[in-house]
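Chain A is the first sequence line, chain B the second, and so forth, proteins listed ahead of strands; every chain is numbered from 1.
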4 protein chains.
Amino acid sequence: MGQDKRSGAGPRSRDRILDAAYRQTLEKGLDKLTMEGIAAEVGVGKQTLYRWWPSKGMIALDALVERLSSSQTFPYSGDVAADVTRQMSAVVSQLDSPVGTALRRILAAAQEDPALADRFRRELIGPRVDSLRGRIVRAVDEGQIDAAYSPDFVIRQLYGPLYYQLLVRQEPFAPDDAERIVSSVLRSFRP
Amino acid sequence: MGQDKRSGAGPRSRDRILDAAYRQTLEKGLDKLTMEGIAAEVGVGKQTLYRWWPSKGMIALDALVERLSSSQTFPYSGDVAADVTRQMSAVVSQLDSPVGTALRRILAAAQEDPALADRFRRELIGPRVDSLRGRIVRAVDEGQIDAAYSPDFVIRQLYGPLYYQLLVRQEPFAPDDAERIVSSVLRSFRP
Amino acid sequence: MGQDKRSGAGPRSRDRILDAAYRQTLEKGLDKLTMEGIAAEVGVGKQTLYRWWPSKGMIALDALVERLSSSQTFPYSGDVAADVTRQMSAVVSQLDSPVGTALRRILAAAQEDPALADRFRRELIGPRVDSLRGRIVRAVDEGQIDAAYSPDFVIRQLYGPLYYQLLVRQEPFAPDDAERIVSSVLRSFRP
Amino acid sequence: MGQDKRSGAGPRSRDRILDAAYRQTLEKGLDKLTMEGIAAEVGVGKQTLYRWWPSKGMIALDALVERLSSSQTFPYSGDVAADVTRQMSAVVSQLDSPVGTALRRILAAAQEDPALADRFRRELIGPRVDSLRGRIVRAVDEGQIDAAYSPDFVIRQLYGPLYYQLLVRQEPFAPDDAERIVSSVLRSFRP
DNA sequence: TAATAAACGAGACGGTACGTCTAGTCTTCCG
DNA sequence: CGGAAGACTAGACGTACCGTCTCGTTTATTA
């Protein structure tokens with residue numbers, strides 16, 4: 001169904017706006033990104049931006065959303081460690097790319113902007129967590145993970161180290177980080 | 001012996017400046033915090049701020065540093081799980097307090113300000129990590145932790161979930177989070 | 001026919017800006033006059049001032065221009081002494097009024113600001129000198145003034161004393177100064 | 001009598017201060033001249049400047065005073081036109097030199113600073129006018145100038161054109177301007 | 001010769017204004 | 001009649017100087 005990218009349509013220059021916002025976010029950072037700068041680069045009136053987005057953070061988020069790979073179905077091979085490792089490896093390699101920089105900056109901006117934080121969680125984190133939670137629940141059902149731990153606790157143990165690396169260390173990941181994290185964490189949740 | 005307040009001197013109104021910066025950071029967030037606002041509240045010329053600090057982020061960081069408890073020696077009771085739990089519980093209760101909000105906002109600002117990120121890591125993260133690393137190393141020596149894992153990997157597994165909770169979830173911690181995290185993580189590193 | 005207030009348009013609050021600038025120039029002098037003060041009084045953003053004027057001196061000059069009487073045609077009665085006296089008397093009475101103070105201050109500022117000096121000469125001095133020069137030339141043609149003297153030399157002799165009084169003496173004029181100056185000067189240029 | 005340059009002595013670096021002030025006045029103009037700039041160039045504390053002078057204008061005036069030739073006695077040859085022409089020629093050649101620029105700028109500053117205007121008149125204008133007035137009075141006594149005109153009126157007629165040229169025209173003088181002015185003016189005052 | 005006081009350099013301080021930049025709103029005018 | 005263009009009020013930015021105010025340090029008497 002050839003529907004719009006999002007309800008409420010959008011400006012004619014939507015893609016060029018998001019491209020410009022994304023590029024400037026990577027080049028200069030989110031707080032050097034300005035509505036004026038985007039408007040000037042795209043050749044669009046500022047009003048057009050404000051008509052469709054409430055803040056530069058939201059524009060950057062939209063730009064990021066379109067660039068984040070969205071394999072909606074979590075892999076299932078029967079081996080939860082293998083499945084989680086596969087998915088986390090994909091996440092890690094994205095975090096090591098420009099997309100990771102953009103995500104890091106938007107997550108930072110979200111610390112000062114509740115509306116942005118909401119959308120960030122709802123649109124980016126939520127679906128991915130849901131997808132993973134489903135896989136964890138299934139692993140619990142299959143007896144691969146101890147039922148004494150809530151799936152969200154397991155998720156936090158799994159992905160917490162990634163955010164620590166991204167936001168606190170601000171260093172790239174080691175090649176086998178995903179694998180080592182998953183095996184270490186899941187070992188501690190074996191029944 | 002009439003020594004200075006701190007090595008390297010500083011402005012006459014240092015404490016009042018840090019107080020104001022800290023309070024405004026909590027009230028309005030770091031990007032609503034302004035040099036002009038601080039100067040006006042304290043009754044100080046802007047030049048005095050710029051003479052001693054390069055940016056509002058650095059002021060906020062100094063304010064935070066003075067407010068973060070700094071128990072320099074890591075507890076040692078023989079039981080590494082107990083010791084780490086004790087220390088992490090203290091950290092968690094700080095993260096749940098206003099100090100945690102300030103830290104969260106400064107860490108966010110550090111994503112766009114490399115100099116701030118440097119000082120953040122060097123002065124806040126570094127010493128605490130070093131202290132914890134010492135304790136981990138000792139536990140490895142005593143055979144409580146498998147030597148196959150680097151201490152920094154263990155540290156990342158232990159504290160990653162805290163940053164995830166703070167920055168991504170933005171929700172308070174559960175009462176026994178520290179204990180559950182530590183026991184879960186350390187179990188996976190048992191020799 | 002809905003023409004603009006003046007060619008080249010201008011800010012919406014032009015008149016209120018010039019009023020404020022003029023009043024503050026008289027009250028406090030040109031170097032106590034500030035862009036911020038004008039903006040604050042008028043309730044206008046500073047950018048609006050800088051968008052339309054390059055400096056406070058230019059604003060003050062515009063304000064003065066609008067307040068200087070501009071009888072464009074020099075009187076002609078056949079008697080050059082009478083005509084010049086009539087016109088100079090008008091000038092003198094203006095110089096004795098607040099307009100004279102403003103002019104004195106702007107002329108002073110023009111000593112340090114070449115662009116201001118240019119406009120001052122081009123818009124204020126130039127047209128008036130041209131008008132007077134025409135009258136002098138006619139008087140030369142009619143044999144009332146010796147052709148051996150250039151009109152600009154005559155003009156300098158006529159109006160020099162006024163500036164001396166205004167800028168060096170800084171004292172008001174005597175009631176018949178214009179008449180005495182004109183008669184004295186023109187006597188020396190009789191053929 | 002080996003007295004000081006002026007009562008109340010002065011700062012140790014007086015000459016270097018005046019040199020710096022004079023040079024900077026010529027280079028950048030009086031309102032780009034700053035106390036800080038002088039202090040920095042001379043290597044003197046700001047307090048030393050404020051201890052001895054109330055404003056930068058006063059420093060510049062002192063510097064100018066020391067550089068203005070001060071032939072205290074007006075020439076007397078019996079021919080008033082020749083004497084005045086001789087003296088005015090000297091003035092004109094000074095006004096065409098850097099000293100003239102400095103004087104022009106200080107006179108401009110005096111328009112906004114009554115104290116400076118006072119000293120300017122008292123120390124620079126006053127003595128020279130007194131000296132000239134004496135010569136005029138003598139010429140009146142000798143029947144070379146009509147007694148119907150006050151000496152100060154004559155003086156204003158003589159020197160007014162110079163200030164007009166300096167401040168309004170801001171152009172150099174013609175070589176024989178002094179001679180032409182004097183002859184023209186004195187002709188009009190012949191008995 | 002020692003003390004004492006003044007002038008000094010240095011520069012921090014509370015301020016004001018600068019000229020620029022961006023935010024977010026409002027208006028004009030063109031396609 | 002929707003959007004580009006951009007003027008508008010507002011206010012923070014970081015800098016430059018203002019004039020005042022300590023700080024030690026010379027420098028020059030005066031005791």
Visitor: For D/K28, does the NZ atom have more than 12 heavy-atom neighbours from other residues, nucleotides or ligands under 6.0 Å away?
Guide: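 More than 12 within 6.0 Å, yes.
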
Visitor: May I ask you to say whether C/D31 pairs ionically with C/K56, meaning some side-chain N is under 4.0 Å from a carboxylate O?
Guide: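 The answer is no: the pair does not qualify as a salt bridge.
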
Visitor: Has A/T48 got a side-chain N or O lying under 4.0 Å from the OP1 or OP2 atom of F/dA4?
Guide: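 True: A/T48 side-chain N/O within range (under 4.0 Å) of F/dA4 OP1/OP2.
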
Visitor: Look at the side chain of C/R51 and decide which nucleotide, out of E/dC13, F/dA7, E/dG9, has an atom nearest to it.
Guide: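 Looking only at heavy atoms from C-beta outward on C/R51, the closest nucleotide is F/dA7.
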
Visitor: For D/I38 and E/dG11, what is the distance between atoms CD1 and C1' respectively, to the nearest whole Å?
Guide: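 So the CD1-C1' distance, D/I38 to E/dG11, works out to 17 Å.
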
Visitor: Which atom names give the shortest non-hydrogen contact between A/A102 and A/Y22, and what distance separates them?
Guide: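 Closest approach of A/A102 to A/Y22: CB-CE1, 3.8 Å.
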
Visitor: Considering only NZ, NE, NH1 and NH2 on the basic side and carboxylate oxygens on the acidic side, decide whether D/D19 and D/R67 come within less than 4.0 Å.
Guide: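 Yes, D/D19 and D/R67 are salt-bridged.
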
Visitor: Tell me the bend of the helix from E/dT1-F/dA31 to E/dG31-F/dC1 as the angle between end helix axes, each from five pairs, rounded to the nearest 10 degrees.
Guide: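 Answer rounded to 10°: the end axes differ by 10°.
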
Visitor: In residues 104-113 of chain D, what residues come within less than 4.0 Å of DNA chain F, judged by heavy atoms?
Guide: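 Listed by number, there are none.
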
Visitor: Flag the pair B/K32 and A/E112 as a salt bridge only when some basic side-chain nitrogen lies within less than 4.0 angstrom of an acidic carboxylate oxygen.
Guide: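 No, this pair does not count.
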
Visitor: Side chains of A/Q111 and B/R104: any donor to acceptor distance under 3.5 Å?
Guide: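 Side-chain D/A pair, B/R104 to A/Q111: present.
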
Visitor: How close or far is atom P of F/dA7 from atom CD1 of C/I17, stated in whole angstroms?
Guide: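 So the two atoms are 14 Å apart, to the nearest Å.
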
Visitor: At their closest point, which heavy atom of B/M35 faces which heavy atom of B/Y50, and how far apart are they?
Guide: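 Taking every non-hydrogen atom into account, CG-OH, 3.5 Å.
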
Visitor: If you look at every heavy atom in B/D15 and B/E66, which pair is closest and at what distance?
Guide: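 Looking at all heavy atoms of both residues, the shortest contact is OD1-OE1, 4.3 Å.
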
Visitor: What does nucleotides 21-31 of chain E look like as a protein-contact string, B for base, S for sugar-phosphate only, - for none, at under 4.0 angstrom between heavy atoms?
Guide: BSBBBB-----

Visitor: Looking only at heavy atoms, which two atoms of D/A117 and D/A110 are closest? And how far apart?
Guide: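 What the structure gives for the nearest pair is CB-O, 3.5 Å.
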
Visitor: Taking OP1 and OP2 of E/dC8, is either one under 4.0 Å from a side-chain nitrogen or oxygen of D/W52?
Guide: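 It does, given that an N or O in the side chain of D/W52 lies less than 4.0 Å from OP1 or OP2 of E/dC8.
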
Visitor: Quick one: A/D31 CG to F/dC13 P, roughly how many Å, whole number?
Guide: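 A/D31 atom CG is separated from F/dC13 atom P by 13 Å.
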
Visitor: Ignoring hydrogens, what is the shortest heavy-atom contact between D/V42 and D/R16? Give both atom names and the distance.
Guide: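 Answer, listing the atom of D/V42 first, then D/R16: O-NH1, 3.2 Å.
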
Visitor: Specify the separation, in whole Å, of atom CH2 of C/W53 and atom C1' of E/dC18.
Guide: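 Whole-Å distance recorded here is 18 Å.
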
Visitor: Please name the pair of heavy atoms, one in A/S13 and one in A/V44, separated by the smallest distance, quoted to 0.1 Å.
Guide: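 What the structure gives for the nearest pair is OG-CG2, 3.8 Å.
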
